[in-house]
*Asks:* 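Let me give you the structure first, and then I'll get to my questions.
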Protein chains: 2
Amino acid sequence: MGAASALHSQAVAKRVGIASVDLECLDMILLAGPVTAGQIMEHTKLTSGAVTGLIDRLARKGYVERAADPQDRRKVVVRIVPEAIRPILELFAPMAERSAALMRQYSVEELELIADFVEKGTELALERARELEGG
Amino acid sequence: MGAASALHSQAVAKRVGIASVDLECLDMILLAGPVTAGQIMEHTKLTSGAVTGLIDRLARKGYVERAADPQDRRKVVVRIVPEAIRPILELFAPMAERSAALMRQYSVEELELIADFVEKGTELALERARELEGG
DNA sequence: GTCTCATATCTCAGTATCTAAGATAATTAG
DNA sequence: CTAATTATCTTAGATACTGAGATATGAGAC
């Protein structure tokens with residue numbers, strides 16, 4: 001399912017005309033609200049130089065804007081430009097709708113069971129990833 | 001969960017010292033048996049030139065071997081070298097064991113429900129990806 | 001058989017992205 | 001107020017990808 005989901009994202013990215021990493025990053029900014037370049041570094045595991053380039057690409061296409069953080073002026077906060085990403089959200093909409101339709105076929109108890117499994121599986125993967133990075 | 005799974009794969013790839021795409025490709029060859037360069041193209045959505053380079057990298061490190069297809073000598077079949085990938089499989093083992101342990105906490109009926117949901121979700125993503133690529 | 005077209009992979013030039021190291025600027029601690 | 005730290009940007013060099021074209025094999029028409 002992870003592989004299928006990655007293929008879906010890749011297909012959307014190709015339609016939009018941006019790289020998969022760039023789209024993934026855009027999604028992250030959308031979900032996490034305005035984020036700093038450093039947060040993008042942590043999330044994508046890219047170096048600072050690569051993140052600078054990534055933000056440059058997204059900004060050049062108008063999807064995001066850079067702004068100085070008033071609290072800490074070393075930081076750069078990156079904000080989504082809502083109008084610009086609307087076409088992208090529309091490409092995701094059919095998948096979201098069909099997922100919702102799939103979920104409606106299950107009872108609340110069943111969905112809770114599935115969600116619980118998914119959360120535990122996610123935690124397992126994240127924990128093991130941390131282990132591999134650390135030791 | 002897809003993102004977490006991707007992070008786990010990335011962490012394994014980093015430990016092994018190869019790129020994520022290369023590891024993903026190795027996994028595919030392992031699952032699908034000996035495959036041709038063309039099948040790798042389809043799976044990874046890379047161009048033929050990129051796949052040549054990818055096989056070169058895996059072969060140089062000894063993980064796979066090239067061989068001519070006796071049926072069609074234009075084709076190049078790529079085979080896993082089992083001894084070489086053993087250390088990689090060991091890095092995946094803990095995650096596999098813990099996933100198995102998680103699954104043992106559920107009844108057969110519950111697991112069937114979850115598997116069914118996952119399969120349907122996978123099909124949804126693949127179908128939508130095909131739509132985006134086609135129309 | 002041989003000619004043509006299609007298929008499978010490789011090669012190569014140009015482009016893009018990444019890493020690593022170092023520069024710049026702002027913040028924090030002593 | 002100086003030194004150390006933090007956050008981002010810049011740059012050079014390495015690597016990988018795309019697209020076009022080369023090479024070699026296979027398949028069908030005649």
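Lettering follows sequence order; numbering is per chain, from 1. These values consider heavy atoms only, across backbone and side chains, with no hydrogens, waters or symmetry-generated copies.
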*Asks:* Could A/Arg128 and A/Glu131 be called an ion pair, given the rule that one side-chain N must be under 4.0 Å from one carboxylate O?
*Replies:* yes

*Asks:* Carefully, step by step, assess B/Glu110 and B/Gln105 under the rule side chain to side chain contact (heavy atoms under 4.5 Å, CB included).
*Replies:* CA-CA 10 Å; B/Glu110 287 172 334; B/Gln105 294 175 10; over 6 Å; no

*Asks:* Any salt bridge linking A/Arg60 with A/Asp56? Criterion: basic side-chain nitrogen under 4.0 Å from a carboxylate oxygen.
*Replies:* no

*Asks:* Report the C-alpha separation of B/Tyr106 and B/Leu113 in whole Å, then their side-chain angles, then the decisive distance to 0.1 Å, and conclude whether the side chain to side chain contact (heavy atoms under 4.5 Å, CB included) test is met.
*Replies:* CA-CA 10 Å; B/Tyr106 293 84; B/Leu113 178 80; over 6 Å; no

*Asks:* Would B/Lys14 and A/Leu132 count as a side chain to side chain contact (heavy atoms under 4.5 Å, CB included) here? Give the steps.
*Replies:* CA-CA 9 Å; B/Lys14 188 155 200 172; A/Leu132 284 163; over 6 Å; no

*Asks:* Let me know the distance between NZ of A/Lys45 and C1' of C/dT19, rounded to the nearest Å.
*Replies:* 16 Å

*Asks:* Name the pairs: protein N/O against N/O of nucleotides 25-30 of chain C, kept only if under 3.5 Å.
*Replies:*
{"unit_1": "C/dT27", "atom_1": "OP1", "unit_2": "A/Arg73", "atom_2": "N", "d": "3.1"}

*Asks:* List the atom pairs, with distances to 0.1 Å, where a side-chain N or O of residues 48-55 of chain B and a protein N or O form a donor-acceptor pair under 3.5 Å, not counting sequence neighbours.
*Replies:*
{"unit_1": "B/Thr52", "atom_1": "OG1", "unit_2": "B/Ser48", "atom_2": "O", "d": "3.0"}

*Asks:* Taking atom CZ of A/Arg79 as the centre, report whether more than 12 heavy atoms of other residues, nucleotides or ligands fall under 6.0 Å from it.
*Replies:* no

*Asks:* Going by ring-ring contact (aromatic ring centres under 6.0 Å, His included), name the pairs with one or both residues in residues 74-95 of chain A, residues two or more places apart or in two chains.
*Replies:* A/His8-A/Phe92

*Asks:* Assess whether a salt bridge exists between A/Glu133 and A/Arg130, defined as any Lys/Arg side-chain N lying under 4.0 Å from an Asp/Glu carboxylate O.
*Replies:* no

*Asks:* Determine the minimum heavy-atom distance between A/Thr122 and B/Ala4, stating which atoms define it.
*Replies:* CG2-CB, 3.6 Å

*Asks:* Applying the side chain to side chain contact (heavy atoms under 4.5 Å, CB included) criterion to B/Tyr63, which one of B/Ile18, B/Ile80, B/Val78, B/Val81 satisfies it?
*Replies:* B/Ile18

*Asks:* Chain A on DNA chain D: first and last contacting nucleotide, 5' to 3', under 4.0 Å to a heavy atom?
*Replies:* D/dT6 to D/dT10

*Asks:* Tell me which residues in residues 23-32 of chain A put a heavy atom below 4.0 Å from DNA chain D, sorted by number, or none.
*Replies:* none

*Asks:* Using a 4.0 Å heavy-atom cut-off, write out nucleotides 10-15 of chain C from 5' to 3' as B (base contacted by protein), S (sugar-phosphate only) or - (no contact).
*Replies:* BB----

*Asks:* Would you kindly give the CE-to-P distance between A/Met41 and C/dC18, to the nearest whole Å?
*Replies:* 13 Å

*Asks:* Taking all non-hydrogen atoms of both residues, which atom of B/Gln39 and which atom of B/Val35 are closest, and how far apart?
*Replies:* OE1-CA, 3.2 Å

*Asks:* Show your working on side chain to side chain contact (heavy atoms under 4.5 Å, CB included) between B/Thr36 and B/Asp72 and close with a plain yes or no.
*Replies:* CA-CA 11 Å; B/Thr36 65; B/Asp72 183 342; over 6 Å; no

